[in-house]
Colleague: 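Provided herewith is a single structure, encoded as structure tokens, for subsequent inquiry.
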Number of protein chains: 2
Amino acid sequence: MGVRAQQKEKTRRALVDAAFNQLSAERSFSSLSLREVAREAGIAPTSFYRHFKDMNELGLTMVDEGGLTLRQMMRKGRQRAEAGGSVIRISVDTFMEVLESNPNVFRILLHERSGTSAAFRAAVEREIEHFISELTHYTEAHANRHPTLARAQAEALVTLVFNAGASALDLKRSERKQLADQLVLHLRIVATGAEALQHKMDLKAERHV
Amino acid sequence: MGVRAQQKEKTRRALVDAAFNQLSAERSFSSLSLREVAREAGIAPTSFYRHFKDMNELGLTMVDEGGLTLRQMMRKGRQRAEAGGSVIRISVDTFMEVLESNPNVFRILLHERSGTSAAFRAAVEREIEHFISELTHYTEAHANRHPTLARAQAEALVTLVFNAGASALDLKRSERKQLADQLVLHLRIVATGAEALQHKMDLKAERHV
DNA sequence: TAAATTAGCTTACATATGTACGCTCAATTA
DNA sequence: TAATTGAGCGTACATATGTAAGCTAATTTA
């Protein structure tokens, strides 16, 4: 890559980073301004257009990047669980750690999920679908679940986790621990319920043999 | 109430209604402007201040009103369920109907829940807490659940329902029906799981007698 | 080396916003 | 009836925004 392309890439990163950096509990993506982002990235407002068509394009980039980051971290967490211990507990703990170290990554997903741009909502749904899909496969493999049930279980689990994440953003560390315990219980309820329904299905199937 | 106070009340309503009316999939509360709301309500921008300190105060009013509306409608639905039939099914159907007839009421709750104002987030949490609380009591009474478990079950149920509501806003009626079925399955998983865990607890308790 | 490309800059403009200030006049109170 | 109150109005201003137009200078290409 030539000197010029490198510099461009660097500026582009500066823009993305500036935008992520300006997110907070009090500031959502849609409230960021092109001028302010450009200012923090150290370029003139109009130079922004050399990198993105408009703020939306920047935002969608952030959602994609954010989703990817999150999934990578969760995958690492699942690897940790392979070593033994409760998958639920370890996953929840991983999730909370990720949340703590990347709150803004989570924020944009969370907020834009119920945001005002259909494109954003779709992008976030896509990321969540990835989570659900990965978890469905995992469950089918490890718990020998019927596909429909595995899918429903994964949907419920991901929903509950994301939701807890949303609440966690507002909490201090101590309260967050409590929330994590609560979440673990919710997840166990779901896992237990899916297990029980699976048994019922199996019994019915036997009777028909 | 005097003529004057009546007129004032009427204008206030016009403001609230205008604001609700301007909400849409593409327009969140925080993107509404004082001027535009006043315009639709038929008063001068500056007259707005005769009724609300600022837009935030209007918004919080809307959240309170919205939460109340929603709860009233859900209670009616539960009454319908008393006549017989699956509580889950009937509640989900009620919820979907409410959603269809009052999408904007739901929108503000949904959006501001992950919004940028702590006051709004707290207000929405308060409304959701009402839902959870009502449902916890219902479950304790009708299913003889241990309090902790009843609470956790209610939390999970409400989370799943709200979440499905969020997705439903974007869908056409036919797809919505499908989503409702999905949601019913999720709720059954939770109910079954809570039931199973309750049994386990009961057995353990017996052993200790 | 000469020509072409392009990231970034400066200047400029139109637009929308929140809200301060002070007036009017109909309803209320005394 | 005379005095007070207050909902609503018009005017005005400071500010922030997105972005169009055209220039500069360094890198890349031929």
Side-chain angles (χ1 to χ4, degrees), chain A residues 1-24 26-62 108 111-112 115-120, chain B residues 1-24 26-62 108 111-112 115-120:
Chain A
M1 194 161 53
V3 177
R4 197 167 191 157
Q6 272 181 19
Q7 178 51 39
K8 180 166 188 181
E9 181 54 33
K10 212 169 152 188
T11 304
R12 188 190 146 101
R13 262 256 63 80
L15 284 169
V16 174
D17 290 346
F20 264 121
N21 195 42
Q22 289 180 9
L23 293 180
S24 74
E26 296 78 30
R27 210 107 154 62
S28 70
F29 174 76
S30 57
S31 80
L32 301 186
S33 87
L34 182 153
R35 290 176 100 104
E36 213 173 336
V37 169
R39 206 176 301 139
E40 178 165 338
I43 63 171
T46 48
S47 302
F48 178 94
Y49 298 104
R50 301 290 185 194
H51 302 272
F52 300 99
K53 187 175 136 277
D54 52 25
M55 282 295 281
N56 266 359
E57 200 173 290
L58 205 210
L60 291 174
T61 301
M62 291 167 76
I108 193 168
H111 189 91
E112 297 310 325
T116 52
S117 151
F120 273 73
Chain B
M1 191 162 54
V3 177
R4 197 168 190 154
Q6 272 181 18
Q7 176 52 38
K8 179 165 189 183
E9 180 54 33
K10 211 169 150 187
T11 304
R12 188 189 148 101
R13 262 258 64 80
L15 284 169
V16 174
D17 289 346
F20 265 121
N21 195 41
Q22 289 181 9
L23 293 179
S24 73
E26 295 78 28
R27 209 107 155 59
S28 70
F29 174 76
S30 57
S31 80
L32 302 187
S33 87
L34 182 154
R35 291 176 98 104
E36 212 172 338
V37 169
R39 206 176 300 140
E40 178 164 337
I43 63 171
T46 48
S47 302
F48 178 94
Y49 298 103
R50 301 291 185 191
H51 302 272
F52 300 99
K53 187 175 137 278
D54 53 24
M55 282 295 282
N56 265 359
E57 200 173 290
L58 206 209
L60 290 174
T61 301
M62 291 168 75
I108 193 168
H111 189 91
E112 298 311 325
T116 53
S117 152
F120 273 72

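Quick caveat, the model's predicted, so the values are computed rather than measured. Throughout, a chain's letter reflects where its sequence line sits, starting with A, and its residues are numbered from 1.
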Colleague: Atom CD1 of A:Ile43 and atom C1' of C:dT6: how far apart are they, to the nearest Å?
Modeller: 14 Å
Colleague: Hey, which of these two, B:Arg39 or B:Ala5, hits DNA chain C nearer its 5' end, going by closest nucleotide?
Modeller: B:Arg39
Colleague: For the pair B:Met55 and B:Phe48, evaluate side chain to side chain contact (heavy atoms under 4.5 Å, CB included) and give the outcome as yes or no after the intermediate values.
Modeller: CA-CA 9 Å; B:Met55 282 295 282; B:Phe48 178 94; 3.8 Å; yes
Colleague: Would you please test B:Met62 and B:Phe20 for side chain to side chain contact (heavy atoms under 4.5 Å, CB included) and show each step?
Modeller: CA-CA 8 Å; B:Met62 291 168 75; B:Phe20 265 121; 3.7 Å; yes
Colleague: Which whole-number value in Å describes the distance from B:Glu9 CD to D:dG6 P?
Modeller: 17 Å
Colleague: To the side chain of B:Tyr49, which of C:dT19, C:dT17, D:dG18 is closest?
Modeller: C:dT19
Colleague: Quick one: does B:Arg50 reach the base of D:dG8 with a side-chain donor-acceptor pair under 3.5 Å?
Modeller: yes
Colleague: I need the CG-C1' distance between B:Asn56 and C:dG18, as an integer number of Å.
Modeller: 13 Å
Colleague: Among C:dT19, D:dG8, D:dT19, find the nucleotide with the atom closest to the side chain of B:Ser47.
Modeller: D:dG8
Colleague: I need the CE-C1' distance between B:Met55 and C:dT17, as an integer number of Å.
Modeller: 11 Å
Colleague: Are B:Asp54 and B:Leu34 close enough, and set up right, to give a side chain to side chain contact (heavy atoms under 4.5 Å, CB included), and what steps lead you there?
Modeller: CA-CA 8 Å; B:Asp54 53 24; B:Leu34 182 154; over 6 Å; no
Colleague: Nearest whole Å is fine: how far is D:dA20 P from A:Arg35 CZ?
Modeller: 13 Å
Colleague: Is there a donor and acceptor pair, one atom on the side chain of B:Thr46 and one on the base of D:dG10, closer than 3.5 Å?
Modeller: yes
Colleague: Where each residue is assigned the nucleotide of DNA chain C containing its nearest heavy atom, which of A:Thr11 and B:Lys53 is assigned the position nearer the 5′ end?
Modeller: A:Thr11
Colleague: Under 4.0 Å from OP1 or OP2 of D:dT17: is there any side-chain N or O of A:Ser33 that close?
Modeller: yes
Colleague: Distance check needed: D:dA16 C1' versus A:Gln22 CD, whole Å only.
Modeller: 14 Å
Colleague: Can you tell me how far CZ of B:Arg39 sits from OG of B:Ser33, rounded to the nearest 0.5 angstrom?
Modeller: 6.0 Å
Colleague: Would you kindly give the NZ-to-C1' distance between B:Lys10 and D:dG8, to the nearest whole Å?
Modeller: 15 Å
Colleague: So which one's nearest nucleotide on DNA chain D is more toward 5', B:Arg4 or B:Ala44?
Modeller: B:Arg4
Colleague: Specify the separation, in whole Å, of atom CZ of B:Phe48 and atom P of D:dC9.
Modeller: 14 Å
Colleague: Is a donor from one side chain sitting under 3.5 angstrom from an acceptor on the other, for A:Thr11 and A:Gln7?
Modeller: yes
